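Since we're looking at a predicted model, the values are computed, not measured.
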Amino acid sequence: MLEFAAIFLAGFWAGMINVVVGSGTLVTFPVLLLFGYPPLTANISNNIGLVAGGLSGTWGYRKELAPNLAMLKRLLPASTAGGLAGAILLLVLPPSAFRTIVPVLIIIGILMVAFGPVVQRRLALRQRTGPSRSAAGLTAGIFVLGMYGGYFGAAQGILIVGLMGIMTRVALQQINAVKNVLTTAVNGIAAIAFMVVAWGYINWQVTALIACGSLLGGLVGARFGRRLPPVALRVTIIVVGTAALAKLVIFS
């Protein structure tokens, strides 16, 4: 019962911070390893379970999502394709293949979130290439982050927020809404791929506990996250990202 409760609460916390910030995998994945689940089983089961939190968080942010549906339609196929590619890589490459670069990616994401407004203003003043090249660059970046998300996914949300914060002029809360859809799509397509080709690695008891916890956590996270002003949201992302980085570097 203690194990079940810990996994459920980890799923709840992961679902809540995924909606507001990202990096929920850094909560659930270590908990599963702590209870002795093999890394591949933990990663796949965790990925499938967190889809529920993404769905509830997306619903909670539906009002912020509405103004950017056109951009979402352009980015969603790239994110989904990247997620499928990442899921395939997870089944082909050794589990530690991306682990060494995760801290570097988190640092990049934190810096993009922290200095995004400054960079955004300077790019707007210097831009001479027109919107098409910028849109193509954003789409390519979202594909790469989707591939990373399908493989491991830690801090994928922070990286998406940072990238979109630099390359678009969209308000931060609206970026968060788009981020929730993209990360959910990545987890969803990866989950489908895992169920097709890696059914034997899925622990459905773990998946169900994380799904129930993250479903509730996503609703709670959306309720409170939407109320944060842009500065507070940016600070929250930086603090959580820094904590995730410290956990990876010091305690892994």
Side-chain angles (χ1 to χ4, degrees), residues 18-25 47 50-51 53-90 98 105-106 108-113 116-117 119-120 123-124 127 129-193 218 221-222 225-226 230 233-234 237 241:
N18 267 346
V19 171
V20 181
V21 182
S23 75
T25 293
N47 179 291
L50 289 178
V51 173
L55 292 173
S56 61
T58 297
W59 171 257
Y61 266 88
R62 61 192 181 279
K63 291 183 179 179
E64 287 76 12
L65 185 63
N68 297 291
L69 290 178
M71 179 175 63
L72 180 63
K73 289 178 182 178
R74 186 179 74 250
L75 297 179
L76 192 56
S79 186
T80 304
L84 180 59
I88 294 172
L89 286 177
L90 177 63
F98 277 3
L105 291 174
I106 294 178
I108 293 172
I110 292 171
L111 291 176
M112 286 193 297
V113 172
V119 176
Q120 188 183 64
L123 287 177
Q127 189 172 17
T129 59
S132 58
R133 185 176 298 181
S134 176
L138 177 61
T139 302
I142 291 297
F143 171 80
V144 172
L145 294 182
M147 185 167 61
Y148 165 70
Y151 186 93
F152 186 59
Q156 180 195 183
I158 295 175
L159 290 165
I160 290 176
V161 170
L163 180 66
M164 291 186 65
I166 289 175
M167 301 191 70
T168 73
R169 300 183 185 181
V170 178
L172 190 58
Q173 285 287 13
Q174 293 179 12
I175 288 177
N176 218 20
V178 173
K179 175 265 293 180
N180 288 334
V181 178
L182 296 180
T183 54
T184 302
V186 168
N187 281 351
I189 194 66
I192 293 172
R226 293 173 61 242
L233 179 58
R234 198 176 299 279
I237 294 172

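- Nearest heavy-atom pair, Ala190 versus Gly83, reported as atom, atom and distance to 0.1 Å: CB-O, 4.2 Å.
- Distance OG1/Thr184 to CD1/Ile189: 13.0 Å, rounded to 0.5 Å.
- A distance-only check finds a donor-acceptor pair linking the side chain of Gln173 to the backbone of Gly225 [under 3.5 Å].
- How far OG1 of Thr58 is from NZ of Lys179: 9.0 Å, rounded to the nearest 0.5 Å.
- Of all the heavy atoms in Arg74 and Thr139, the pair that sits closest is NE-OG1, 3.8 Å.
- Rounding to the nearest 0.5 angstrom, the gap separating the CZ atom in Arg226 from the CZ atom in Arg62 is 7.5 Å.
- Closest approach of Ser56 and Gly218 over heavy atoms only: OG-CA, 3.3 Å.
- The only option from Leu69, Leu182, Val178 that meets the side chain to side chain contact (heavy atoms under 4.5 Å, CB included) definition with Leu76 turns out to be Leu182.
- In terms of heavy-atom proximity, Met167 sits nearest to Leu138 at CE-N, 3.5 Å.
- Counting only distance, with no hydrogens or angles, the side chain of Asn176 and the backbone of Val19 share a donor-acceptor pair below 3.5 Å.
- One finds the CG atom of Leu89 at 10.0 Å from the CG atom of Leu84 (value rounded to the nearest 0.5 Å).
- When all heavy atoms of Ser79 and Val186 are compared, the pair lying nearest together is OG-CG2, 3.1 Å.
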Apply the test side-chain contact (heavy atoms from CB on, under 4.5 Å) to residues Thr25 and Asn47: give CA-CA distance (whole Å), side-chain angles for both, the deciding distance (0.1 Å), then the verdict. CA-CA 8 Å; Thr25 293; Asn47 179 291; over 6 Å; no
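- Screening Asn18, Ile160, Leu145, Val51 against Thr183 for a side chain to side chain contact (heavy atoms under 4.5 Å, CB included) leaves a single residue, Ile160.
- Among all heavy-atom pairs drawn from Gly146 and Gln156, the shortest one is CA-OE1, 4.0 Å.
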